[in-house]
Each structure stands twice: as C-alpha cells, then as structure tokens.
Amino acid sequence: NKDVWEYVNQFADFNNFINSPIARYKDKLYNLPFNMNTFYELWGTITPKEAQEKIEAQKKEFFASSGDGKTPRITNLEEQAISLVGKDIYEILIKGYTEKQWGRDCKDLPPSIIKRLPVRFTFDNNYFNDRYQGIPIEGYTALVQKLLEGIEVKCNVNFLDDRHGLGSLASKIVYTGCIDEFFEYQLGTLQYRSLRFKSENLDCPNYQGVAVVNYNEREIPYTRIIEHKHFVFGKQQNTVITHEYPQEWARGTEPYYPVNNEKNNELYEKYVELSKLHPSVIFGGRLGMYKYFDMDKVIEVAMNCWKAQQSE
Ligand code: UDP
C-alpha cells in the first residue's frame with residue numbers, strides 16, 4: 001500500500017529485505033511460500049502444469065468422498081490447505097506446524113488462517129506479494145521513537161486501573177488492548193494464542209543463513225528460529241537467534257494472535273455491539289479489533305480510521 005509505505009518512510013529508512021523463509025522437516029529443507037521451488041523439492045515436478053496436475057489429483061482424491069468431488073465446500077483449515085496445495089504439502093509443511101502454532105486440530109481452525117499464504121506456480125520465494133517491502137534500518141524502536149516525538153508517553157500504566165482518570169484526559173481514546181478485557185469479560189472470554197521467546201547470543205557469525213527457518217514437524221516444540229542479523233544484513237562476528245514456542249493464552253499472560261474461529265468471532269461481534277455504547281473509544285489493532293492483521297494492514301486501518309474521524 002503506497003500510502004502506508006510513504007507514511008512509515010517519514011519515520012525511518014527502510015532496507016530492501018525480502019522475507020524468504022525456509023521450512024525444515026526431518027532434515028530436509030523446502031522453500032516457502034508454496035511455489036515451484038517447493039513443488040520441485042517435494043515431487044521433482046519441473047513445469048507448472050506438472051505441479052498443478054499433482055495438486056489436482058491429490059485434491060480430487062481427498063474430496064472424492066464428499067459432495068460431487070468437483071466443488072468442495074471448504075469449512076476448515078484442513079480442507080482449505082488440501083484444496084490449495086494437495087495432501088503431501090498439507091501433511092509435511094502445514095499440519096504439524098499449524099497444530100502446534102494454534103494448539104488446535106486443523107479441522108477446528110478457520111480456512112482464513114491459511115489463505116494468508118500465497119501459492120504460486122512460479123519460481124518465486126518472496127513470502128509476500130506486496131510491492132513495497134523492507135525493514136527499518138535502525139530497527140523498529142527508532143521508528144516508534146520518531147513516531148512519538150513531541151508526544152507525552154507514560155509507560156507501565158494500565159489504562160484499566162484508572163479508566164476514568166486517564167479517560168478524562170482526552171475526548172477520544174484509542175484502545176489497543178483486548179476488547180473483552182476492556183469490558184471486564186462480561187460476555188465471556190475470547191481466545192488468544194501466545195508465544196514464548198528464547199533468545200541466545202551465539203559466538204558464530206552465521207547460524208542458519210537466513211532470517212527465518214520454520215520447523216514444521218509436530219514433535220519439535222518450537223515453530224521457528226529467527227536469526228535477527230539477516231533482517232538487516234548484519235556483519236557482526238556473533239549472532240542472536242530466537243526460538244519461538246507457541247503456547248495457550250491465559251488471563252495475565254501476553255496475547256499475540258486472535259483465534260478467529262466461528263465461536264470467538266460471534267462473541268467478538270457481541271463486544272462490538274457493546275462498544276457502540278462507548279463512542280469516545282476507538283478499538284484498534286489485533287487485540288482491539290480481534291483480527292489477524294499484519295503490521296502494514298494495521299497501519300492502513302489506523303489511517304482509514306483517522307480519515308473517517310476527520311470527516312465526522
Ligand atoms: N503455516 C504453515 N506452515 C508454514 C508456515 C505457515 O502451516 O511453514 C500456516 C500456519 O497455520 C500459520 C499460517 O500459515 O499459522 C500463517 O503463517 P504466517 O507465516 O503468516 O504466520 P505469522 O508470521 O503471522 O506467525
């Protein structure tokens with residue numbers, strides 16, 4: 001989104017980093033997102049036609065038992081994944097990763113989670129389709145510092161501990177915490193997924209050769225290892241890596257992802273109804289809007305919200 005790109009470029013210079021993660025499954029490596037390289041690594045297929053036929057055959061076999069086999073009704077993540085990439089990729093690169101990431105069976109997860117990922121019949125390992133991509137060269141901390149320049153900031157203050165006192169400071173409040181917590185869980189608790197990070201500083205210049213390696217086997221407890229220097233082409237003699245361990249969220253721990261299944265989405269809509277009684281509060285972000293936003297999308301939504309406020 002050009003507007004978003006121009007907006008963030010006021011606060012930071014961005015490099016030309018392109019995310020091309022590697023998936024590891026039982027000591028074999030595969031390119032992501034799912035593309036001609038992945039299909040070649042898995043099946044040895046050379047042309048897009050061969051890869052498409054392979055996927056089509058696996059999809060047909062899977063859906064043969066349901067409906068007419070031609071136009072399957074997609075109701076969950078498993079069906080969505082098989083319909084996009086076939087059974088092999090589903091079993092090797094999706095099922096284990098997804099079930100540990102979300103702590104739920106793929107049959108109990110919404111198709112939308114997997115629809116985020118591109119499937120391409122070209123040799124292209126760029127994880128995103130976006131025209132403008134990059135990482136702020138001085139890091140996100142510098143970007144946020146610049147964004148907040150000249151603005152009074154109070155850290156370590158829980159808005160909910162003093163909602164009346166803090167609320168009286170402004171005519172509009174942007175609330176980016178969990179919407180159900182704002183309403184003291186009065187209609188029920190929404191589900192979130194959390195993460196635990198384990199970081200290490202290693203005495204070697206290059207641990208994995210890429211910023212992100214996904215570990216797609218169910219048996220390995222972490223989903224990915226991030227090697228931070230590769231985001232900014234670092235030349236240090238050492239390297240910092242982070243293992244990401246998914247975990248269930250419980251009240252009092254940090255929520256990272258909304259779990260957008262039907263039940264949670266319905267409950268969220270009820271909170272939206274309730275929020276209409278608080279027109280001075282704008283709920284924003286992954287937690288306030290209970291949506292699995294990427295950061296560019298969240299900025300776009302915030303910019304649109306600002307425009308809507310201006311014309312109010
Ligand atoms: N996914 C997968 N295998 C992979 C990478 C992703 O099955 O190797 C699935 C998984 O369900 C994941 C979703 O695709 O939750 C979205 O992945 P993405 O990389 O966008 O997740 P994020 O970076 O937001 O954690």
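Computed from a predicted model, the values in this text were never measured in an experiment. Whatever order the structure lists them in is the order used to number ligands and atoms, beginning at 1.
A salt bridge between Glu99 and Arg104 is absent, with no side-chain N of the basic residue lying under 4.0 Å from a carboxylate O of the acidic one. Between Glu266 and Lys263 there is no salt bridge, since no side-chain nitrogen of the basic residue lies less than 4.0 Å from a carboxylate oxygen of the acidic one. Salt-bridge annotation for Asp294 and Arg116: present, with a side-chain N of the basic residue lying under 4.0 Å from a carboxylate O of the acidic one.
Within the 4.5 Å cutoff, the side chain of Phe159 has heavy atoms near those of the Ile173 side chain. When side chains are defined from C-beta on, Gln145 does not count as touching Glu138, because their heavy atoms never get closer than 4.5 Å.
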Run the ring-ring contact (aromatic ring centres under 6.0 Å, His included) check on Phe62 and Tyr90 step by step: do they pass?
CA-CA 11 Å; Phe62 177 80; Tyr90 170 65; 7.6 Å; no
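For ligand 1, the protein residues within 4.0 angstrom (heavy atoms only) are Leu32, Leu93, Ile94, Tyr97, Thr98, Gln101, Trp102, Ile113, Ile114, Arg116, Leu117, Tyr127, Asn214, Asn216, Arg224, Tyr257, Tyr292.
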